[in-house]
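What follows is a single structure, written as structure tokens, with notes after it.
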Amino acid sequence: MGTDLIIPEIILLEKMQETDRNFAPALWDGLKTEVIIANEEENKLPAPIRRKKHMLLSDFINKAINQPMEFSPELSPEVQKQLYRLHLFCCQQSIHCPEVRHNPLVLGFHALKEMKLALTGILISYRLIDPSCPYNWNRTFFENNILTHKSSDGHTIISFKNFPADIVNQAITEELVTDWLIYRGYGHNGIRTLMDVKNHLQTLPDYKRGGHPADEFSRFERKMREQFNRKELRKEEALDLEFRKTLVRTVAEQTAAQMVASGMSAQDILAQAFATDISKLTCPPAKPAATPDKKSQTPFPKPKQNTDYIENVISHLLEEE
């Protein structure tokens, strides 16, 4: 009977894996192993209590997977998809809450509480990285204006009040939802794991850990965006500098070619370039090519001609003198 208690949660994990392709298969295997380990204590309970918990857990997970969610105001299909991912994750997280283990009747309450925490952290993060959002949209504002509750038939209802639906559609992205799942999952290793995953095992020197989970998560997202913007700015500056260098190099090569054509030696060109203000650097006019005088031209013997021809040419030159 003990194994029956973990079957519903494994079904939930399989549904999460089906809707989430951002994590490695090894992670899901590890989560299933954790489920088995976490439920070993349940085997020590009397059979009636064990069956009751199994029934409550099965009903909760069945509704979480199959019952549609309701949103106010209406959101885009992509945002609804991300909220469903988040909903399944929050249900899975709440199952392992110590209070829920003691009293399964509060399972739905903790799932809604976890969902509200997730949405608060995500929307604060967006507020911190979008300068157009009002500054007074702090954690208290979102906690008061994000409502999560259940309908009488078990539907999860999420309402966003006092801020536009466009903000919700822009804020709840696949990247931010995945970051939250990493932050709250992975054995509750929190911000350390998220930092390793997002920042390639590098710490953020000016980042301060701790505080309320929504605040800690949003500060991290802000610092990551600042670091990304700095890198992009340095990249643009490097490209601009490379363009300037290429332009100067091209102009210098063309100018040097003109100076050589005008008859200047390499030494004169370097001396003028390094000793003169660049604004005064000028190229001498190119010398016109001299037209050779036919009389002054010395006919050269063609290869393989006999000596008689050469002697005639020399005699001709002597006669002219």
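Since this is a predicted model, take the numbers as computed values, not measurements. Excluded from the calculations below are hydrogen atoms, water molecules and symmetry mates; all remaining heavy atoms, backbone and side chain alike, are included.
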Looking only at non-hydrogen atoms, find the nearest pair between [X] and [Y] and report the distance.
X	Y	answer
Asn169	Ser76	OD1-N, 3.2 Å
Gln170	Thr173	O-CG2, 3.2 Å
Ser218	Leu128	O-CD1, 3.5 Å
Ile157	Ser151	CD1-CB, 3.8 Å
Ile167	Cys133	CD1-SG, 4.3 Å
Gly185	Phe89	N-CZ, 3.8 Å

Within this structure, what is the [atom1]-[atom2] distance for the pair [X] and [Y], rounded to the nearest 0.5 Å?
X	Y	atom1	atom2	answer
Leu241	Arg234	CG	CZ	14.5 Å
Ile191	Arg209	CD1	CZ	8.0 Å
Tyr126	Ile172	OH	CD1	11.5 Å
Leu12	Ile61	CG	CD1	5.0 Å
Cys91	Phe60	SG	CZ	3.5 Å
Lys53	Asn103	NZ	CG	8.5 Å

Just wondering, do [Y] and [X] contact through their side chains at under 4.5 Å, heavy atoms?
X	Y	value
Gln82	Glu175	no
His149	Ser159	yes
Asp20	Leu181	yes
Arg127	Tyr135	yes
Leu117	Trp180	yes
Ser125	Leu176	yes
Glu14	Trp28	no
Val260	Met264	no

Would a hydrophobic clustering, with Ile, Leu, Val, Met, Phe, Trp and Tyr connected at side-chain separations under 4.5 Å, put [X] with [Y]?
X	Y	result
Ile122	Leu147	no
Ile11	Leu56	no
Leu88	Met69	yes
Leu112	Val177	no
Ile95	Val106	yes

- prompt: Taking the six-membered ring for Trp, are His87 and Tyr84 parallel (under 30°), tilted (30 to 60°) or perpendicular (over 60°)?
  reply: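 Tilted: the ring planes of His87 and Tyr84 meet at 30° to 60°.
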message: Classify the ring geometry of Phe142 against Phe163: parallel below 30°, tilted from 30° to 60°, perpendicular beyond 60°.
response: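 Because their plane-to-plane angle is over 60°, the rings of Phe142 and Phe163 count as perpendicular.
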field: Pair Thr193-Asp196, side-chain donor/acceptor within less than 3.5 Å
entry: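 There is no such pair between these side chains.
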query: Any side-chain donor paired with an acceptor under 3.5 Å for Arg85 and Thr178?
result: yes
Taking NZ, NE, NH1 and NH2 as the nitrogens, is one of them in [X] or [Y] under 4.0 Å from a carboxylate oxygen of the other?
X	Y	value
Glu143	Arg139	yes
Arg219	Asp215	no
Arg184	Glu114	yes
Arg222	Glu226	yes

message: Determine whether the aromatic ring centres of residues Phe220 and Tyr183 are separated by less than 6.0 angstrom.
response: no
task: Determine, step by step, whether Lys235 and Glu232 satisfy the salt bridge (Lys or Arg N to Asp or Glu O under 4.0 Å) criterion, reporting the C-alpha distance in whole Å, the side-chain angles of both residues, the deciding distance to 0.1 Å, and the verdict.
output: CA-CA 5 Å; Lys235 188 185 298 182; Glu232 288 297 307; 3.4 Å; yes
[atom1]/[X]: more than 12 non-hydrogen atoms of other groups inside 6.0 Å:
X	atom1	result
Lys81	NZ	no
Lys198	NZ	yes
Gln267	CD	no

Would a distance-only check, ignoring hydrogens and angles, find a side-chain to backbone donor-acceptor pair under 3.5 Å from [X] to [Y]?
X	Y	answer
Ser262	Met259	yes
Asn199	Gln202	yes
Asn66	Asn62	yes
Lys161	Ile146	no
Asn144	Thr140	yes

- request: Show your working on salt bridge (Lys or Arg N to Asp or Glu O under 4.0 Å) between Glu253 and Arg249 and close with a plain yes or no.
  value: CA-CA 6 Å; Glu253 290 174 354; Arg249 190 182 304 115; 5.5 Å; no
From CA spacing to verdict: side chain to side chain contact (heavy atoms under 4.5 Å, CB included), Leu119, Leu83: CA-CA 9 Å; Leu119 293 173; Leu83 287 173; 3.5 Å; yes
- prompt: Going through the distances and angles, do Phe217 and Ile124 end up as a side chain to side chain contact (heavy atoms under 4.5 Å, CB included)?
  reply: CA-CA 9 Å; Phe217 176 78; Ile124 293 177; over 6 Å; no
Working for side chain to side chain contact (heavy atoms under 4.5 Å, CB included), residues Met224 and Leu204: CA-CA 8 Å; Met224 284 298 301; Leu204 294 173; 4.0 Å; yes
Side chain to side chain contact (heavy atoms under 4.5 Å, CB included) assessment of Phe160 paired with Leu123: CA-CA 11 Å; Phe160 301 95; Leu123 285 166; 4.1 Å; yes
